[in-house]
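To start, the structure under review is shown below, and the notes come after it.
Here is how names work: the chains are called A, B, and so on, in the same order as the sequence lines, proteins then strands, and each is numbered from 1.
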Protein chains: 2
Amino acid sequence: MKGRVASPTPQNPLEARLLQALRDAGLRLTVQRRAICRYLASTKSHPTAQQIYNALKDEFPSLSLATVYNTLDTLVRLGAIHALGNTGDGAIHYDADIEPHVNLACLQCHRVVDLPCEAVAELDRKVAAESGYRILGARLVYYGLCPECQRAAQQTPSVSVAAHH
Amino acid sequence: MKGRVASPTPQNPLEARLLQALRDAGLRLTVQRRAICRYLASTKSHPTAQQIYNALKDEFPSLSLATVYNTLDTLVRLGAIHALGNTGDGAIHYDADIEPHVNLACLQCHRVVDLPCEAVAELDRKVAAESGYRILGARLVYYGLCPECQRAAQQTPSVSVAAHH
DNA sequence: CTCCGAAGTTGGAATTATTCTAAAGTAGAA
DNA sequence: TTCTACTTTAGAATAATTCCAACTTCGGAG
Ligand SMILES: [Mn+2]
Ligand SMILES: [Mn+2]
Ligand SMILES: [Zn+2]
Ligand SMILES: [Zn+2]
């Protein structure tokens, strides 16, 4: 049968990689960490800590936002996920996909999408070889206005780039 | 003679570009904005708002931190400088050099240095051509431990990556 | 040259994402 | 099962950034 509550070996390879990173570091695989890893691996939305918390609090009512922050920080320090930074909404967005690619962030709607790009792999190699740094992660983001928000801006040409208030 | 108080046409091409971006946008070239642009163009240190403020407050005692934030925001929105994000010190670092290059951020000492890289120009072109976004800026950062901080970490192997407190 | 309105600056208050804390819970080795 | 170091938790604390309303400055009209 396909019953049983939880699958000990996750099908999602992204999720498996995150859990393995925790294991390799000698850290415990708690329910909370599993849930956060599962959520990170399940979405391409580049979520913030608050978004992860909101997505999980129904299933795990005792989950604390502090745990989400702690886990994200741990995963970033392990190099298992990337911290892309703020996209205009004041919160840091995270990316569980560490395969070489470029991220496009919209300053208007705050969404982040991926752009496959072979040149990034070359970049990774060059940085690893020449920088002398111990690299933990990358933040490869181009920011601006997505196609939809550009259209929306044209229909309401009221505020120019110079306008503050 | 080489007297006179201020040079109307700055020698630094980076500074000239920042001022021209403000002019082109129809914005006023105030003393504060000039000073902030001059400082941004004068350093390769990828400063934060507070660092810029600290560097200028002796020369401009009335300068407000709010003005530094406003000006940085304006320059970012014009695409004249890049917002690289937080490097572990909780503050956003800015880069007045928008020529294609990679930035290396150290999570320990919070310094950011440049790594020239021709592959980035290709990346820029690809993103401009294929993304459909109106690109305002880029945040091309690899983060980790700089050579110096790696050495320091070896001599004090007390706290591993797993240690929180 | 003087006046006026828009744009810009200022200091301090307000906001809020993130971090800190100490107490309570639990994974996992033995 | 037992033990303990590692984790989680709720809430307080921190501090970067934004907001605000009053004041100043700039550049053009008259
Ligand atoms: Mn991505
Ligand atoms: Mn740089
Ligand atoms: Zn958008
Ligand atoms: Zn360092």
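Between B/R23 and B/Q20, the side chains place a donor N or O and an acceptor N or O closer than 3.5 Å (distance only, hydrogens not considered).
Residues meeting the salt bridge (Lys or Arg N to Asp or Glu O under 4.0 Å) test with B/R139, sequence neighbours left out: none. With sequence neighbours excluded, the residues that form a salt bridge (Lys or Arg N to Asp or Glu O under 4.0 Å) with B/E130 are B/K126. Residues passing the side chain to side chain donor-acceptor pair (under 3.5 Å) test with A/E122: none are found, sequence neighbours excluded. Qualifying side chain to side chain donor-acceptor pair (under 3.5 Å) partners for A/D58, counting only residues two or more places apart in sequence or in other chains: none. In this structure, A/R134 has no salt bridge (Lys or Arg N to Asp or Glu O under 4.0 Å) partners at least two apart in sequence or on a different chain. By the side chain to side chain contact (heavy atoms under 4.5 Å, CB included) test, A/I52 pairs with A/I36, A/Y39, A/L40, A/P47, A/L56, A/V68, A/L72, sequence neighbours left out.
A heavy-atom distance below 4.0 Å to DNA chain D is reached by these residues of residues 50-69 of chain A, ordered by number: A/S62, A/L63, A/S64, A/A66, A/T67.
Regarding A/R23, its CZ atom lies at a distance of 14 Å from the P atom of D/dT7, rounded to whole Å. One can place NE2 of A/H93 at 9 Å from P of C/dT18, the figure rounded to the nearest angstrom. D/dT18 atom P lies 7 Å from atom CG of B/D73, rounded to whole Å. The separation between A/Y94 atom OH and C/dT18 atom P is 6 Å, rounded to whole Å. Atom CG of A/N70 is separated from atom P of C/dT19 by 9 Å (rounded to the nearest Å). As a whole-Å value, the separation of A/L72 CG from D/dT7 P is 15 Å. If you measure from atom CG of B/L22 to atom P of D/dG27, you get 13 Å, rounded to the nearest angstrom. Rounded to whole angstrom, the span from the CZ atom of B/R33 across to the P atom of D/dT25 amounts to 15 Å.
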Report, as a single string ordered 5' to 3', how protein heavy atoms within less than 4.0 Å touch nucleotides 23-30 of chain C: B base, S sugar-phosphate only, - not at all.
---BBS--
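Counting Ile, Leu, Val, Met, Phe, Trp and Tyr side chains that sit under 4.5 Å apart, directly or through other members, A/L84 shares a hydrophobic cluster with A/V112, A/V141. Taking Ile, Leu, Val, Met, Phe, Trp and Tyr as hydrophobic and joining them when side-chain heavy atoms fall under 4.5 Å apart, one finds B/V120 in a cluster with A/V102, A/L104, A/V113, A/L115, A/V120, A/L123, A/V127, A/Y133, A/I135, A/L140, A/Y142, B/V102, B/L104, B/V113, B/L115, B/L123, B/V127, B/Y133, B/I135, B/L140, B/Y142.
Put simply, the side chain of A/L19 reaches to within 4.5 Å of the side chain of A/R34, judged on heavy atoms.
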Would you tabulate the side-chain donor-acceptor contacts of residues 91-100 of chain B under 3.5 Å, counting partners in other chains and residues two or more places apart, or write 'none'?
unit_1, atom_1, unit_2, atom_2, d
B/H93, ND1, B/H46, O, 2.7
B/H93, NE2, B/T87, OG1, 3.3
B/H93, NE2, B/D89, OD1, 3.4
B/H93, NE2, B/D89, OD2, 2.8
B/D95, OD1, B/D97, N, 2.9
B/D95, OD2, B/H46, NE2, 3.2
B/D95, OD2, B/H101, NE2, 3.0
B/D97, OD1, B/E99, N, 2.9

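Residue A/G26 is the one, among A/G26 and B/T48, whose nearest nucleotide of DNA chain D lies closer to the 5' end (criterion: closest heavy atom).
Recorded end-axis angle for the helix from C/dC1-D/dG30 to C/dA30-D/dT1 stands at 30°, based on five pairs per end and rounded to 10 degrees.
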